Amino acid sequence: MDFADSATTSTTAMRSSTSAADDDILYPEEHNVTSVSDDHETTCWGCGLRVLVSPHVPAFKCFWCGAISNQNIIKCENQNFRWRRLRDRCFVSILIVFMLLVICGGIWAIYPVLVSPGYIYGGVNIVIAIILSIFTLSTFSLSAFRSAGAPPNILWGSYPAVTKGALENYRFCEYCAKPKSPRAHHCRSCGMCVLDMDHHCPFIGNCVGAANHRHFVLFLISAIIGMIYASIMSVYAVYHIWPPLNNWQIHLLSGAFGQKLVMRMLKDIFVAFMSSMLFLPARGLVLIYLFIASVSIEIGLSVLLWQQLCFIYEGKTYLSHISASGGEGTAVKDCQNFIRFFGFPYTRTRYLPSFFSSKKRHKK
């Protein structure tokens with residue numbers, strides 16, 4: 001009996017080893033997955049604690065401070081940062097000089113026509129033009145030369161100093177070598193992390209962020225109002241200084257009917273218009289250029305302003321809108337976003353009489 005039992009046991013062991021070998025041949029990948037452990041020890045950049053993570057995951061989140069670490073990140077050095085910064089500043093300076101030349105040229109061309117009805121009428125229009133110009137240039141300068149908004153400095157890298165959840169969803173910026181909040185984005189053109197970054201505008205040579213976003217929107221509003229005013233005044237001035245059309249070029253309309261009549265009339269009007277332009281003074285040419293430039297700039301800035309107002313209403317920025325386009329956004333669409341954006345801390349009850357907001361009194 002003992003010999004039979006031992007033979008049975010050895011036969012069973014041989015069959016199990018044979019089946020295990022067959023399993024290794026049939027399912028080699030499954031065997032490797034279950035037998036190999038790839039976890040390795042690494043250090044969290046936020047609090048300095050050691051954690052075990054797999055090298056195959058692109059990022060991991062610390063269980064203590066909530067910081068997100070990217071693995072195998074490749075830092076791209078920015079060699080042309082100073083050159084781009086100098087180029088942007090030079091472009092902004094040239095743009096300011098161009099704006100001053102256009103403003104001075106427009107006032108020089110419109111002033112004689114505005115003064116002809118009376119000095120009071122001309123003086124009022126000149127004052128309006130100067131106020132709009134000063135407000136536009138000041139908001140443009142604040143948007144261009146003011147910092148877009150750097151994230152605040154926080155404690156990181158030390159477990160005793162960093163409390164639990166203090167760096168929730170923070171990432172480490174390899175360019176700035178400091179933590180980057182979820183609301184911040186690194187701009188390679190500016191060489192810094194910008195809080196609530198909307199976009200990098202090449203026309204102001206600066207990022208639009210938390211510190212200058214309001215000035216940028218105010219610049220768009222004032223520039224559009226100024227362009228509308230300039231286009232109206234230029235049309236009014238050109239109408240008064242334009243030479244009279246030659247009537248002899250428009251009277252040859254006999255024998256034409258329908259579409260042929262309309263085409264001949266338009267042709268004669270165009271020829272008369274171009275012929276009278278030859279006698280237009282230099283002020284008229286400046287006013288024509290001012291009208292065309294103001295209308296084209298007005299259209300472009302209106303589209304940009306409408307886009308900015310839509311994002312403000314949604315409680316987002318341009319970058320947050322792009323990042324949230326793949327999923328549902330957490331921002332709430334509300335008109336109160338305009339009040340918070342433009343910095344109106346007071347409600348209507350502050351400006352109403354006291355009896356509107358006072359508590360109801362009960363008579364005994």
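Reckoned from all heavy atoms, side chains included, excluding hydrogens, waters and symmetry mates. The structure presented is a predicted model; accordingly, all values stated were derived computationally and were not measured.
Shortest non-hydrogen contact noted between Ala109 and Leu287 is CB-CD2, 3.6 Å. Val238 and Gly284 get closest at one heavy-atom pair: CG2-O, 4.4 Å. Minimum heavy-atom separation, Ala211 to Ser147: CB-O, 3.1 Å. Contact record, Gly205 with Arg85: O-NH1, 3.5 Å, taken as the closest heavy-atom pair. When every heavy atom of Gly157 is checked against every heavy atom of Val162, the shortest pair comes out as N-CG2, 4.1 Å. The shortest non-hydrogen separation linking Ile110 to Ser234 is CD1-N, 4.1 Å.
Formation of a donor-acceptor pair under 3.5 Å by the Arg171 side chain with backbone atoms of Ser69 is not found in this model. A side-chain donor-acceptor contact under 3.5 Å links Asn212 to the backbone of Cys207.
Residues Tyr318 and Val208 have side chains not in contact (no heavy-atom distance under 4.5 Å, counting atoms from C-beta outward). For the pair Cys335/Tyr313, a side-chain contact is recorded, criterion being any heavy-atom separation below 4.5 Å from C-beta on. With contacts defined as side-chain heavy-atom distances shorter than 4.5 Å, the pair Leu49/Phe63 qualifies. Between His186 and Cys176 there is a side-chain heavy-atom pair separated by less than 4.5 Å. Within the 4.5 Å cutoff, the side chain of Val51 has no heavy atoms near those of the Glu41 side chain. For the pair Leu220 and Leu304, the minimum side-chain heavy-atom distance is below 4.5 Å. Between Leu167 and Cys47 there is no side-chain heavy-atom pair separated by less than 4.5 Å. For the pair Glu298 and Ser231, the minimum side-chain heavy-atom distance is below 4.5 Å.
Pairs engaging residues 157-166 under the side-chain hydrogen bond (donor to acceptor under 3.5 Å, both in side chains) rule: none recorded [sequence neighbours left out]. Within the structure, the side-chain hydrogen bond (donor to acceptor under 3.5 Å, both in side chains) test picks out the following pairs touching residues 191-208 (sequence neighbours left out): Arg183-Asp196, Asp198-Gln308.
Atom CZ of Phe291 and atom OG of Ser296 lie 10.0 Å apart (nearest 0.5 Å). A distance of 9.0 Å separates CG in Leu100 from OG in Ser133, rounded to the nearest 0.5 Å. Between Leu305 atom CG and Ile312 atom CD1 the span is 8.0 Å, to the nearest 0.5 Å. Of the inter-residue distances, the one linking Leu132 atom CG with Leu137 atom CG reads 11.0 Å to the nearest 0.5 angstrom. The distance from atom CG of Leu301 to atom CD1 of Ile228, rounded to the nearest 0.5 Å, is 10.5 Å. The CD1 atom of Ile103 sits 10.0 Å away from atom CG of Leu290, with the distance rounded to the nearest 0.5 Å.
Phe216 and Phe219 have tilted rings, their planes meeting at an angle from 30° to 60° on a 0 to 90° scale.
Leu142 is not connected to Met192 by any chain of hydrophobic side-chain contacts under 4.5 Å among Ile, Leu, Val, Met, Phe, Trp and Tyr, and they are in different clusters. Taking hydrophobic clusters as Ile, Leu, Val, Met, Phe, Trp and Tyr residues chained together by side-chain heavy-atom distances below 4.5 Å, Ile131 does not share a cluster with Ile96. Placement of Leu195 and Leu319 in two distinct hydrophobic clusters is found when ILVMFWY residues are connected by side-chain heavy-atom separations under 4.5 Å, directly or transitively. No single ILVMFWY cluster, assembled from side-chain heavy atoms under 4.5 Å apart, contains both Tyr229 and Phe135. Hydrophobic cluster membership differs between Ile94 and Trp83, with clusters built from Ile, Leu, Val, Met, Phe, Trp and Tyr side chains linked at under 4.5 angstrom.
Heavy-atom neighbours of Ile120 CD1 from other residues, nucleotides or ligands within 6.0 Å: at or below the threshold of 12. For CZ of Phe311, the number of neighbouring non-hydrogen atoms (other residues, nucleotides, ligands) closer than 6.0 Å is greater than 12. Counted within 6.0 Å of CZ on Phe203, heavy atoms from surrounding residues, nucleotides or ligands total 12 or fewer; the atom is thus considered open. With a 6.0 Å radius and a threshold of 12 heavy atoms from other residues, nucleotides or ligands, Trp108 has its CH2 atom above the threshold. Atom OH of Tyr289 is surrounded by 12 or fewer heavy atoms from other residues, nucleotides or ligands within 6.0 Å.
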Chi angles and distances behind the side chain to side chain contact (heavy atoms under 4.5 Å, CB included) call for Leu309, Phe338: CA-CA 8 Å; Leu309 293 179; Phe338 290 106; 3.9 Å; yes
Chi angles and distances behind the side chain to side chain contact (heavy atoms under 4.5 Å, CB included) call for Val217, Phe342: CA-CA 9 Å; Val217 175; Phe342 289 103; 3.9 Å; yes
Residue pair Lys178, Asn153: steps toward the side chain to side chain contact (heavy atoms under 4.5 Å, CB included) verdict: CA-CA 8 Å; Lys178 63 180 182 180; Asn153 294 325; 4.1 Å; yes
Test salt bridge (Lys or Arg N to Asp or Glu O under 4.0 Å) applied to Glu168 and Lys61, step by step: CA-CA 9 Å; Glu168 186 70 24; Lys61 188 174 182 180; 2.5 Å; yes
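Side-chain contact annotation: Tyr111 with Asn125, donor-acceptor N/O pair under 3.5 Å absent. For the residue pair Ser320 and Thr317, a side-chain donor N or O sits within less than 3.5 Å of a side-chain acceptor on the partner.
A distance of 6.0 Å or more separates the ring centres of Trp156 and Tyr170.
The side-chain hydrogen bond (donor to acceptor under 3.5 Å, both in side chains) test applied to His215 returns Arg146, not counting sequence neighbours.
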